[in-house]
A.B. asks: 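Next up is a structure, given as structure tokens.
Letters A, B, ... mirror the listed sequences (proteins, then strands); counts begin at 1. What's counted below: heavy atoms across the whole structure, side chains too, no hydrogens, waters or symmetry copies. These numbers come from a predicted model, not from an experiment.
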Protein chains: 4
Amino acid sequence: MTDPIQQQLITARKNQILDAAARVFATKGFHAATIKDVASDAGIAAGTIYNYFENKTALLFAIFERMRDSRQALTTFAELQPDDVRGFIRAFVATPLMSLHSDYLDLFRVVISEIMVNEELRALYAQQIIGPTLIIAEKWFQTWIAQGLIKPIDTGLMVRTLSSLILGLMVQKLIGDELLQTRWESLPDTLTDLIMDGIRGET
Amino acid sequence: MTDPIQQQLITARKNQILDAAARVFATKGFHAATIKDVASDAGIAAGTIYNYFENKTALLFAIFERMRDSRQALTTFAELQPDDVRGFIRAFVATPLMSLHSDYLDLFRVVISEIMVNEELRALYAQQIIGPTLIIAEKWFQTWIAQGLIKPIDTGLMVRTLSSLILGLMVQKLIGDELLQTRWESLPDTLTDLIMDGIRGET
Amino acid sequence: MTDPIQQQLITARKNQILDAAARVFATKGFHAATIKDVASDAGIAAGTIYNYFENKTALLFAIFERMRDSRQALTTFAELQPDDVRGFIRAFVATPLMSLHSDYLDLFRVVISEIMVNEELRALYAQQIIGPTLIIAEKWFQTWIAQGLIKPIDTGLMVRTLSSLILGLMVQKLIGDELLQTRWESLPDTLTDLIMDGIRGET
Amino acid sequence: MTDPIQQQLITARKNQILDAAARVFATKGFHAATIKDVASDAGIAAGTIYNYFENKTALLFAIFERMRDSRQALTTFAELQPDDVRGFIRAFVATPLMSLHSDYLDLFRVVISEIMVNEELRALYAQQIIGPTLIIAEKWFQTWIAQGLIKPIDTGLMVRTLSSLILGLMVQKLIGDELLQTRWESLPDTLTDLIMDGIRGET
DNA sequence: CATGAATGAGCCTTCATTCAT
DNA sequence: CATGAATGAAGGCTCATTCAT
């Protein structure tokens, strides 16, 4: 049961299956992909998958969790100066944007697609990914306002606007916007400028 | 063949079917919905649907086209003053946001979900909805820059940022963000302020 | 919906399927029989069965109901004289025994087998077949006791003994007892004698 | 090979497995029970079962054989007086009826169910359990008739009637007849009276 | 001999689509 | 053009059985 070597084997096999599932889902989409597709890609028998995952949906959820974990690993703003508004904003924007590797692109597409439609997955996404980020960010904004570093804006709407902006850019990139894809690297700076100062010409 | 009365009947029947399909898809999702579900909701036989639409996917595409048309109808900025930057931005943001009625919410959810996964639908969305909007908006921004009304920003990235912001807010609302849902009405003004002037405190 | 011709067609198709199911179940047993077996035997596609029956188990239940109905049709003792104890007993015994045609033999085997194991079917059998018979019979016995026609026995146990005897004979015949099969016709008389007078030699 | 200690170990392990199988089969039924269920209940691995039994069906057969053996152990009428007709009948009836403990109830249910459907098991039951009993009983009846202790009835039908009565009562008890369950203890006497003297009132 | 992961045949069921009426 | 019964391909999932360790 708790044999560490067994656990490693189990984890390895799970990852093998999830890697295959991620590839297949990304290629064909979740609904079009079959368990046999995943099994073939993983080089195992279809039935074996059910020794490690409850059902097809569980594969999607596990993939989702892996994405969440890999994302949380990135979301560390520890080294930032507390009053460095611009630095924080840039990091806040750049971190998720840069995590959207070309490897993850198609997988993210599938997960987002299912999030829209699957209530349970949607709740997970809201609670485990969006939620914590919003709370952390909102505290920073409140601090800055108290310090007079930024205008006294509605922090709740502000953090949602920021995260929506990021999410929307990702989705639009996924949709195939060429300019976004070629200029993706320059987004953090451009966005930070916009958020800090807006577009209005100085008068 | 091209008997106008026949055409009207055909159009009416198509709309009857699409109305039903929109309701059913919105309720159960595209994949979970069956042709019989749609037929029942429309009060007709399942076979009849195939007299008007090629297959199930065609229903989704037709629904998509209706959404596109209704959206294009809204996107008229004719009455705006050419130099009213703030007015344009506000309209540009408010129009799609306000079109996300509660009626359309779930349907939009389904369509977005499929757009992510269906390449053909995705191309349509990019070309027919996002594309024209971006082109129009970009021209305005270029004009304003020429007039010195706004900073000399990268207009391509700018319009994509704006439309992504809108799209992202819609998606995040769909995901179930409560604050966004209750404060939805105040978004246009808040966003316009942000876009125009940013968050930085005046020094 | 309530079109009588439609109803007839539906009933005919249901019977066609049930006939096939009865044959196949009788031959291979319920669990070993597949839906495709039934469909092939009925000369239709597998999917068609699901237009008429919920699932495989529903087929068994419907078969059970047909047997119940055909059995109830036989269970009429109206023409008997109220004080004809021997006549009643003989009819009570003979009716079910004689209904066990060779056609029904294997089917009855399957149904009994499932009744043992399927709680819902068991409840149906107890309530709809055994129960009513016991109640009717018990009233007759009580009348006869009141009239002094038979000994003051425990009527509850008596009617259960009788119906168990019948059931047991059927089961034992199904098990393949050759003597029972060849002498089946003489059972009613033999049993009636036994029940009336026992085996003890007159002293 | 024929090491006696090895044999004991093998027998013990077989019994361990059969005990578990009996419990699991009785609880879930033969078809619903899985080999893993049995293995879990026995506290061993699924594969181990196949070191002792050919396949799943073999478990059922072995259980059946154990029931047969335990039953034969009971069926000893040695101590009865050869002319004690009533005593013999009572023992003949009481022995199997009383062997239907609540422990065995559900197991018997499963075995009977499979006997109905499995031809091989059915043959075993007929030859090894019913058959010998009938032969023994028939000889007694013939003796009694020769002695004038009972009427000159058809002994073949008679013994089958008796054993069917017992079998039928068991089945009906299994089906859930409440009165039979509460009055089960009084059956031997009641049945013996019935068989000996019938129900007809003395004239 | 014990283990239990791997296997893969096979089943029930769904449902988009067709077509005779 | 409407109907809806019939179709049958396809998929998720189970589980008895095997066999390398």
Side-chain angles (χ1 to χ4, degrees), chain A residues 1 3 5-6 9-10 12-13 17 31-40 42-59, chain B residues 6 9-10 13 17 31-40 42-59, chain C residues 1 3 5-6 9-10 12-13 17 31-40 42-59, chain D residues 6 9-10 13 17 31-40 42-59:
Chain A
M1 279 291 183
D3 178 3
I5 292 190
Q6 280 298 320
L9 288 177
I10 290 176
R13 182 52 58 99
I17 293 170
H31 285 103
T34 71
I35 286 290
K36 280 187 179 165
D37 289 336
V38 176
S40 298
I44 58 176
T48 303
I49 291 179
Y50 290 88
N51 290 336
Y52 296 90
F53 296 94
E54 189 77 15
N55 50 37
K56 191 183 169 189
T57 305
L59 289 177
Chain B
Q6 280 298 322
L9 287 177
I10 288 177
R13 179 55 60 98
I17 292 170
H31 286 103
T34 71
I35 288 289
K36 276 191 178 164
D37 289 335
V38 176
S40 299
I44 61 175
T48 304
I49 291 180
Y50 287 85
N51 290 332
Y52 297 89
F53 297 94
E54 188 75 14
N55 50 36
K56 191 183 170 187
T57 305
L59 289 177
Chain C
M1 280 291 185
D3 177 3
I5 292 190
Q6 279 299 318
L9 288 176
I10 289 176
R13 181 51 59 96
I17 292 170
H31 285 102
T34 72
I35 286 290
K36 277 190 177 162
D37 289 335
V38 176
S40 299
I44 60 177
T48 304
I49 292 179
Y50 289 87
N51 291 336
Y52 295 90
F53 296 94
E54 190 77 14
N55 50 37
K56 191 184 169 188
T57 305
L59 290 177
Chain D
Q6 281 298 322
L9 287 177
I10 289 177
R13 181 54 61 96
I17 293 170
H31 285 102
T34 70
I35 286 290
K36 276 191 179 164
D37 289 335
V38 176
S40 298
I44 60 175
T48 304
I49 292 180
Y50 287 86
N51 289 333
Y52 296 89
F53 296 94
E54 188 76 14
N55 51 36
K56 192 183 171 188
T57 305
L59 289 177

A.B. asks: Check side-chain contact (heavy atoms from CB on, under 4.5 Å) between A/Ala58 and all other residues, then give those that pass, not counting sequence neighbours.
C.D. replies: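 Residues passing side-chain contact (heavy atoms from CB on, under 4.5 Å) with A/Ala58: A/Phe53, A/Glu54, A/Asn55.
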
A.B. asks: Once you round it to whole Å, what is the distance between C1' of F/dT7 and NZ of C/Lys36?
C.D. replies: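 These atoms are roughly 12 Å apart.
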
A.B. asks: What is the distance from NE2 of A/His31 to C1' of E/dT14, rounded to the nearest Å?
C.D. replies: 14 Å

A.B. asks: Measure from CG on A/Leu59 to P on F/dG11 and round the result to the nearest Å.
C.D. replies: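 Checked: the CG to P distance equals 16 Å.
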
A.B. asks: Look at all strands and tell whether C/Ala42 reaches a base, only sugar-phosphate, or nothing, counting heavy atoms closer than 4.0 Å.
C.D. replies: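 Contact class for C/Ala42: none.
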
A.B. asks: So what does C/Ala33 touch, heavy atoms closer than 4.0 Å: a base, only the sugar-phosphate, or nothing?
C.D. replies: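 Answer is sugar-phosphate: C/Ala33 comes under 4.0 Å of backbone atoms only.
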
A.B. asks: Let me check I have this right: for DNA chain E, each base becomes ., (, ), [, ] or |, based on Watson-Crick or G-U pairs with both distances under 3.5 Å. What is the full string?
C.D. replies: .||||||||||||||||||||

A.B. asks: Sequence neighbours excluded, which residues qualify as side-chain hydrogen bond (donor to acceptor under 3.5 Å, both in side chains) partners of B/Ser40?
C.D. replies: none

A.B. asks: Rounded to whole angstrom units, what separation is found between the CG atom of C/Asp37 and the P atom of E/dG10?
C.D. replies: 12 Å

A.B. asks: Can you tell me if the side-chain N/O atoms of C/Tyr50 get under 4.0 Å from OP1 or OP2 in E/dT14?
C.D. replies: no

A.B. asks: Could you tell me if the side chain of A/Ile44 sits less than 4.5 Å from the side chain of A/Arg13, heavy atoms only?
C.D. replies: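 Side chain of A/Arg13 against side chain of A/Ile44, heavy atoms only: contact under 4.5 Å found.
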
A.B. asks: Please determine, for the side chain of A/Ile35, which listed nucleotide (F/dT17, E/dC12, F/dG12) has the closest atom?
C.D. replies: F/dG12

A.B. asks: I need the B/Thr34 OG1 to B/Lys56 NZ distance, nearest 0.5 Å.
C.D. replies: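 If I round to the nearest 0.5 Å, the distance is 7.0 Å.
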
A.B. asks: Expressed as a whole number of angstroms, how long is the span from A/Lys56:NZ to F/dT14:P?
C.D. replies: 15 Å

A.B. asks: List the atom of C/Ile17, the atom of C/Val38, and the distance in Å for their closest heavy-atom pair.
C.D. replies: O-CG1, 4.0 Å

A.B. asks: Rounded to whole Å, how long is the line connecting atom CD of B/Glu54 with atom C1' of E/dT17?
C.D. replies: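 Nearest whole value for this atom pair: 11 Å.
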
A.B. asks: Measure from CG on D/Asn55 to P on E/dA9 and round the result to the nearest Å.
C.D. replies: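 Value for this atom pair: 19 Å.
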
A.B. asks: Please give, in whole Å, the distance from F/dA5 P to C/Ile5 CD1?
C.D. replies: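 Answer to the nearest Å: 14 Å.
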
A.B. asks: Using the test side-chain contact (heavy atoms from CB on, under 4.5 Å), find all partners of D/Tyr50 that sit at least two apart in sequence or belong to another chain.
C.D. replies: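 Testing D/Tyr50 for side-chain contact (heavy atoms from CB on, under 4.5 Å), a comparison that skips the adjacent residues, returns D/Ile35.
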
A.B. asks: Between the protein and nucleotides 1-4 of chain F, are there any N/O to N/O pairs under 3.5 Å, and if so, what are the atom names and distances?
C.D. replies:
unit_1, atom_1, unit_2, atom_2, d
F/dC1, O3', B/Tyr52, OH, 3.4
F/dA2, OP1, B/Arg13, NH1, 2.7
F/dA2, OP1, B/Tyr52, OH, 3.1
F/dA2, OP2, B/Tyr52, OH, 3.0
F/dT3, OP2, B/Ala45, N, 3.1
F/dT3, OP2, B/Thr48, OG1, 2.9
F/dG4, N7, B/Gly47, N, 3.2

